[in-house]
Every structure is written in structure tokens, then in C-alpha cells.
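By convention in this document, chain letters (A, B, ...) are assigned in the order of the sequence lines, proteins followed by strands, and residues within each chain are numbered from 1.
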Protein chains: 2
Amino acid sequence: MQSNPVVRSITNRFVKPVSDQLGSPELYSKPCDACFQKSNCLARSLELDDFRRYSRAVSQSKRMAKGHYLYRLSDPFEALFMILSGSVKSCRLDEEGNELIVGFHIPGDLLALDAIGGRSYPSSAIVLEDCFVCKIPYRLFDERFSDSPRLHSELIRQAAQALRSEHLHSVFLRKNPADERLALFLADLSRRLESRNYACDRFDLSLSRRDIGNYLGLALETVSRSFSRLQDAGLITVRHRHIVIHDRQHLEILGRGCAESGPNVRRVQCNG
Amino acid sequence: MQSNPVVRSITNRFVKPVSDQLGSPELYSKPCDACFQKSNCLARSLELDDFRRYSRAVSQSKRMAKGHYLYRLSDPFEALFMILSGSVKSCRLDEEGNELIVGFHIPGDLLALDAIGGRSYPSSAIVLEDCFVCKIPYRLFDERFSDSPRLHSELIRQAAQALRSEHLHSVFLRKNPADERLALFLADLSRRLESRNYACDRFDLSLSRRDIGNYLGLALETVSRSFSRLQDAGLITVRHRHIVIHDRQHLEILGRGCAESGPNVRRVQCNG
DNA sequence: CGGCTGTTTGACTTGTATCAATTTGAGTGG
DNA sequence: CCACTCAAATTGATACAAGTCAAACAGCCG
């Protein structure tokens, strides 16, 4: 794990906007060729013809301010979103109207995969840090509009990857104690940041303790205490939302429940 | 919720085998047109030409005996599977080699979606009740072999549906007490059985208490106690693996955490 | 500066895991 | 058909991780 000497915030603009006014979503011209997330783009393997068509259809990136919605639960489904910069959480609602966070997304992530096949979005996407996003109209994948097999393959790959991630998430929500959940969350986030070329050993969390607890199935107080314990163990340094990772490998080992350090070795059994 | 007067086991053979020997997987001729799961099939919306090609590629259904593997973790990925009859669990392994169940599947379900895009299966599929399965070579979806947009659309739909189910599963693993998890599990299973035209108010579970606990993030003893409590509340009758559902709607309400019955109303808070 | 929100820490409570003992059921073989 | 064996399920007693309640503290912003 090597990090850049300078910490780059994921709110940095990867794409220079034409205009610079913040607020409600605005349009910017953004040729796909110049996009910083080209390597994660669905269109990365397209032939020139198909790529041009794709590029024309998505050639606009929206700037979204913190707190705004990319889309709302039960809005009609019309597009996927790729995050170019910033961060986003996606959430459902329970019966009492509480948010249930189902995803925490960083640049390079594709959003709204869970909406495919339905008429409306089954979740909302809320901007945590000012974002640039690329809006990908779903009709691009519609047989009536286009039939680029490569584009389809790329999409199904991404969906399968998302499914695998969900499996992992659901598995470690089952029995792992609080510290392990948090450790794995941090290690996983660090890895994802690294794979997108961000600093992975120090970053600012855009999620509150409450949101982290929500996502990990813990009370916010428990999250706070777990942060303290991980810090006491020397694995991280935490000051409010600023995190420094000292030993990601150890975090991962702890997160996988293979911890053998200290007196607190007991694992909760899963009965098989 | 209406059920058939006669309980039909999901081990019933929907497709008559040519030969009848049980044991290691054998081949049976099975024209897709006569398939009982045609309505759930990926090929259901294909034009005649594409359907024929599809049918030729998958025109064989395997019989698999209880305890056998449809595929194993880290086997090379080559095919998806549709369950025609019987039931199957899919599971990953943790570091200690324990099973972690990520799915419980009944006829009409499509398996191995999570393997797409990788070289090998990320999970194993184990037969719980003798099965007939349809093996769908993944090359059917490969651009080099075919480029039927409809088939792709169907696949991505199924994947998105699986993703939504996983979101729901992960959400209710977070904070819901044992009784709610079990209630929702039973109600959901009942609904799925109903949608596949099986008896939904009485069935035999092919999962053990241990497996259910594993899937729901509970100890097997807790599962057993929850069964007893649901029975005491008059919602179900349970005798070992045989379940009778008396009030599915109430089970669902309970499962969603909106319970107001009895003294045990307290919900575990999720802190928002 | 207040007012507000988010975070930390402490004290107490509780749901469920764990350990342990019993009962039931299925399968096997005489 | 009845014993025997083994796995699965039930039920009870106890312990502990994490939830809840509460209070103090730190940042942030108009």
C-alpha cells in the first residue's frame, strides 16, 4: 500500500467545468476522451463507432452539490450514473421512514444498477461531497436503440461485481463483532480508493458516524467506540472524520475475523 | 394467499426423464418448448431463430442428487444454472472453512449470476433436495458467439433483481431481532413458492436450523426458539422441517418491524 | 457569541450467543 | 419389527457484546 505524498480529496475536480457556478445541476461539455474515469467507463472497450454514439449520448457531466439527490426513490428510472468526483450514498427507506444505506460510492463507481428492469428507482442517491457525475441514459442499453454486445457485457459484468460485493457485505453483517465490521469497512474503502488512484492511507470520511453505523448495522455510539479501539490498537488514527490508516493489512486480517492479537480474541460463532 | 389443495413438493419432476437412474449427473433430452419453467426462462422473449439456437445450446437437463454440487467454489466458470425442480443453497467459505450461505434457491431461480465476469465461481451450489437443473453455457452471452440483445436484457434484468434482493437481505440483517428475521424469511419463501405455483401455506424446509441461522445471522438455537415463538403467536405451525403458515400477512408485518402485537413491541433502533 | 449538529464517553439494560442436557427422528442392521 | 446409532431440534441457564439513555465536549456557521 503506497499513497501519494499529497492527499488528494475525492472532491477534486477531475474535469474542468466550463462554467463554475454551484447550485442546481448544470451542464458542462465533456468529451469522453478526456474523462478521468475512462478506465472505469462502461464504454472503455467499445469500437470507435459505438464509442462515438455512446459519447454523444452521455456527453454531459453534471455538477451536484452536497445534499442534493442524483435520483430519488420511486422517480422513473431513466439513467445510470457514473461518479467522476465526490462521493454519494444510496439508500432505501424502512416503514418508519428511516434511511437504510445500501451503498457508499466513490469516483469510478456506477450507480443505479439496482434500478434496471424496473420502472422506478428502488433507492435514492444522495450527494455527500460535491460531485461531478456522468449521466448514462438507460436507452443506450435498450435493444431498440442499440445492440452493442460489448456494452451489454460490460454492464452485466458490473452488475455481477456489485452482486459479489453485496454477498460479502451481507456475510460480514451476520456475525462479525463491531470492531471487525469497522476494520473491514475501512480496509475495503482504502483499497477502493487505491484502485482509483487516490490516497489510501489517509482520507476524510464523508459519512457520519450515524451513516457508518447504519451501513454496518451498528449504533452510532458503537461505531465511535470501535474507532477508539482501533486507534488504541495502533491500526489507525482518527480525529472526527479524518482517518489515517497505519496498518491496512492488519485491519483486513481483523476484518476477516482472524484476529489473534490481544486478550479479546473470542469470535462470535456462526454455528457452522 | 390461496394454496393448492394438494401440496406439491418441489422435488416433483416437472420434466419426465428419459432414463430414471439416480446418482451421478445424467443427461436427459428436454425440448425447451415443453419445459415447466418456460415462463421464467431467460429465453422466454426470444424470436424463433434465437430461441432455437438457445434451445440447442441448453437442451439437456441434469438430474442431481441431494448433497451433490452443481458447481464448486473456484471451479472454472462456464455456465449458469436454472433450477427446474428441487432446491439448492449457494455458499461461500470463511477463513475457518465454515459455509456462509448467500442464497437459497427454488425452481425458477437462476444460479451463478455472481460468477459472471470472473474466471471461476465465487461460491458453491449444493443440492438440498434432488433436482433437475438446466445448464446454460455462458458462451451464449458472449459477444463472439451470439449477440441477441433480448437475451442480454433478460440477463441484466435478472442480475438487477438479484441485486435488489440482496439489498433487502442485507438491510434486514442489520438490526432486526431474531423473530422478525425468521418471520420475513418464511413470508418471503412463501411468496416465492406462490409465484412459482407451489403450495405457499405449507411446505417442507430443506434447510436445517443451522443453515437457516447461518443465512439469517443467528445461532441455530435462536432459530429454534424463534420458530417456537412464532408458533405460540399462532402465526405458523412448525414440526421439525414441516411448516404451516397460518397468517402470512401478519408474518410480513412482523418481518418489516411494524409489530405491535403482544408485550414484546420494542424494536431495536437503527439510529435513523 | 449563542445555537446547532456531530462525536465521544460512561452507566445500565437486553437480546442473543454459548454451553449443556434432553428429546425426537431418521436410518441401519439384526 | 425392534433395538441401536447418530444427527437434528428443543429447551434451560448463564455470560457478554452491543443497544439505549444520558451527559459532556468539539466544530461550525450565521
Could you tell me how far apart [X] ([atom1]) and [N] ([atom2]) are, to the nearest whole angstrom?
{"X": "Asn214(A)", "N": "dG6(C)", "atom1": "CG", "atom2": "C1'", "answer": "16 Å"}
{"X": "Arg209(B)", "N": "dT24(C)", "atom1": "CZ", "atom2": "C1'", "answer": "12 Å"}
{"X": "Leu173(B)", "N": "dT16(C)", "atom1": "CG", "atom2": "P", "answer": "13 Å"}
{"X": "Asp232(A)", "N": "dT9(C)", "atom1": "CG", "atom2": "C1'", "answer": "12 Å"}
{"X": "Arg174(A)", "N": "dA17(C)", "atom1": "CZ", "atom2": "P", "answer": "13 Å"}
{"X": "Glu221(A)", "N": "dC21(D)", "atom1": "CD", "atom2": "C1'", "answer": "9 Å"}
{"X": "Asp179(B)", "N": "dT16(C)", "atom1": "CG", "atom2": "P", "answer": "7 Å"}
{"X": "Arg229(B)", "N": "dA9(D)", "atom1": "CZ", "atom2": "P", "answer": "17 Å"}

Parallel, tilted or perpendicular: which one describes the rings of Phe81(A) and Tyr121(A), with boundaries at 30° and 60°? tilted
Parallel, tilted or perpendicular: ring planes of Tyr215(B) versus His169(B), cut at 30 and 60 degrees: parallel
Of the candidate nucleotides [options], which contains the atom at the shortest distance from the side chain of [X]?
{"X": "Arg241(B)", "options": "dA9(D), dT8(C), dA18(D)", "answer": "dA9(D)"}
{"X": "Lys175(A)", "options": "dT10(D), dG25(C), dA17(C)", "answer": "dA17(C)"}
{"X": "Ser208(B)", "options": "dG27(D), dA18(D), dA9(D)", "answer": "dA9(D)"}
{"X": "Ala219(B)", "options": "dA17(D), dA17(C), dT9(C)", "answer": "dA17(C)"}

Would a distance-only check, ignoring hydrogens and angles, find a side-chain to backbone donor-acceptor pair under 3.5 Å from Asp188(A) to Phe185(A)? no
Is Thr222(B) reaching over with its side chain to a backbone N or O of Leu218(B), donor-acceptor style, under 3.5 angstrom? no
With a 4.0 Å cut-off, would you call Arg209(B) and Glu221(B) a salt bridge? no
At under 4.0 Å between heavy atoms, what does Ser224(A) touch on the DNA or RNA strands: base, sugar-phosphate, or nothing? base
Considering every strand and a 4.0 Å limit on heavy-atom distances, what is the contact class for Arg181(A): base, sugar-phosphate, or nothing? nothing
At under 4.0 Å, does any side-chain N or O of Ser228(B) touch on OP1 or OP2 of dT11(D)? yes
Base of dT18(C), side chain of Arg225(B) - is there a donor-acceptor contact under 3.5 Å? yes
Whichever of Arg239(A) and Val223(A) has its nearest DNA chain D nucleotide further upstream toward 5': Val223(A)
